[in-house]
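To find a chain, count down the sequence lines: A is the first, B the second, and so on, and within it residues start at 1. This one's a predicted model, so the numbers in the text were calculated from it and none came from an experiment. FYI, side chains are in, hydrogens and waters are out, and symmetry mates aren't considered; it's all heavy atoms of this structure.
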Protein chains: 2
Amino acid sequence: MSRRLTRAETKARTRALLLDAAARTFARKGYAGASVEEIAEAAGFSIGALYSNFGGKEQLFIELLTTRSSALIETAERIRADAEVEDPAKALGRLLVEVADKDTDFAPLQAEFWLYAVRNPDVMQTLAAGLREPHDQLSRLVEPVLDRVGGRATAEPGEVATIVLALFQGLVRQRRTDPASVPDELFGQALRWLFTGIAAGSER
Amino acid sequence: MSRRLTRAETKARTRALLLDAAARTFARKGYAGASVEEIAEAAGFSIGALYSNFGGKEQLFIELLTTRSSALIETAERIRADAEVEDPAKALGRLLVEVADKDTDFAPLQAEFWLYAVRNPDVMQTLAAGLREPHDQLSRLVEPVLDRVGGRATAEPGEVATIVLALFQGLVRQRRTDPASVPDELFGQALRWLFTGIAAGSER
DNA sequence: GTCTATAAACAGATAGAC
DNA sequence: GTCTATCTGTTTATAGAC
């Protein structure tokens, strides 16, 4: 079964390795701060290989920005699965700690994407589109919780999902800045307060 | 009363103009993407003037990072004043719309600060220290609200302030990405839900 | 398809004139 | 104190060998 890779397969592998290395390098050095030589080296290739697979630094970054939302989707899927057997607030709280403490490249890379999009308005809709699917998935996670607490009349699932996502991103960054100010349980606690508040609002 | 400026005063003025130009340029092009020539030009000076006032690009950026928290403090002050005559949630909601829509350089510059600090751990404590005073001020704004709803027993003002700040930053970014997903009243609404939830939590 | 060598542009920083 | 001119290293991107 193990056979020699076809030309198309090795090329796809090279591309994938370059994209991975680019993600790491852009996260660690920033878009402008990372050089194509650095990226190629991190992937174990030369500059020439990079240019034969991508149009250049900018095109490589854009491709990363366009495709890396799928990573978010996978994460959202996992959370949705976890949330079926335990408290969703707890599952999301755990995710925050993991992302903030373990996946140290995640938040910086997202920040780079956002900054690039702010500075290149054409790309902003690409970023927004990439964030839509994870957002929808979060909405579907929020929906049953809203139904359970009877807050469906007061709050739109999509808007609550936006709030949850904003809180998540803000707290991840804050935890990197000052870990002590964002204890492990803070995100989960905030979510419980939020849903309790929505539930109470519907009773008025 | 209008007299010629002393040498010390003109130098101080040059420094201030350079710092302002640096803030704008770093926000628009990023730390690595902005050139010292660009910054000097935006301030109406030459490269030489920049180097005679600052150690270099890096030192200029650090000075900006260190001193620009005072801008946050002034904003926090203003909000605190507004919050005494109207609903704090409303005052904060208005601030979010203003910052996201009018002060277009604010969020990108904060993102640049954070990214630089993530990549230069020595600077992280400087950033954290600069954020502490605005955070404390927000805590003092939150405290009376907590007292009023009777949530003082359930929630620490400092932790609630962290949540409010994270939500604020997250929503400002999200509003730049997709304005329609963050309507004007969303932040205020989220805050009301949060405080209602805290109040309800204390009654259990 | 990937590598090495190189071209051309540009960056940060310094020196000396004024 | 600020400006102009320049030095030095680095960058993106390409051309041609293998």
Contact interval (first through last nucleotide) of DNA chain D with protein chain A, 4.0 Å heavy-atom = D:dT12 to D:dT14

Residues two or more places apart in sequence or in another chain: which of them pass side chain to side chain contact (heavy atoms under 4.5 Å, CB included) with B:Val145?
-> B:Pro88, B:Arg148, B:Phe195

Given the options A:Leu171, A:Leu165, A:Val164, A:Leu167 meets side chain to side chain contact (heavy atoms under 4.5 Å, CB included) only with A:Leu171

For A:Glu84, what residues pass the salt bridge (Lys or Arg N to Asp or Glu O under 4.0 Å) criterion, not counting sequence neighbours?
-> none

Sorted by chain and residue number, the salt bridge (Lys or Arg N to Asp or Glu O under 4.0 Å) partners of A:Arg173 (sequence neighbours excluded) come out as none

By side-chain hydrogen bond (donor to acceptor under 3.5 Å, both in side chains) - contacts of B:Tyr116 (at least two apart) | B:Glu58

Salt bridge (Lys or Arg N to Asp or Glu O under 4.0 Å) partners for B:Glu37, two or more places apart = none

Show every donor-acceptor pair shorter than 3.5 Å between a side-chain atom in residues 27-36 of chain A and any protein atom, with sequence neighbours excluded, or say none if there are none.
from, atom 1, to, atom 2, distance (Å)
A:Arg28, NH1, A:Asp105, OD1, 3.2
A:Arg28, NH1, A:Asp105, OD2, 2.8
A:Lys29, NZ, A:Glu38, OE2, 2.1
A:Ser35, OG, A:Glu38, N, 3.2

Which of residues 52-61 of chain A have a heavy atom under 4.0 Å from DNA chain C?
-> A:Ser52, A:Asn53

A:Glu98, CD: over 12 other non-hydrogen atoms inside 6.0 angstrom = yes

Can you list the residues that meet the side chain to side chain contact (heavy atoms under 4.5 Å, CB included) rule with A:Glu63, with sequence neighbours excluded?
-> A:Arg15, A:Leu19, A:Phe54, A:Thr67

Looking at residues at least two apart in the chain, or sitting in another chain, which of them share a salt bridge (Lys or Arg N to Asp or Glu O under 4.0 Å) with B:Arg140?
-> none

So do B:Arg192 and B:Asp87 actually touch side chain to side chain, heavy atoms under 4.5 Å?
-> yes

Restricting both atoms to N or O, compile the protein contacts to nucleotides 5-10 of chain C shorter than 3.5 Å, with distance only.
none

Say whether A:Gln137 and A:Glu77, considering side chains only, have a donor N or O and an acceptor N or O under 3.5 Å apart.
-> yes

Identify, residue by residue, the members of residues 12-44 of chain A with a heavy atom below 4.0 Å from DNA chain D, and return them in order of residue number, or none.
-> A:Ala34, A:Ser35, A:Val36

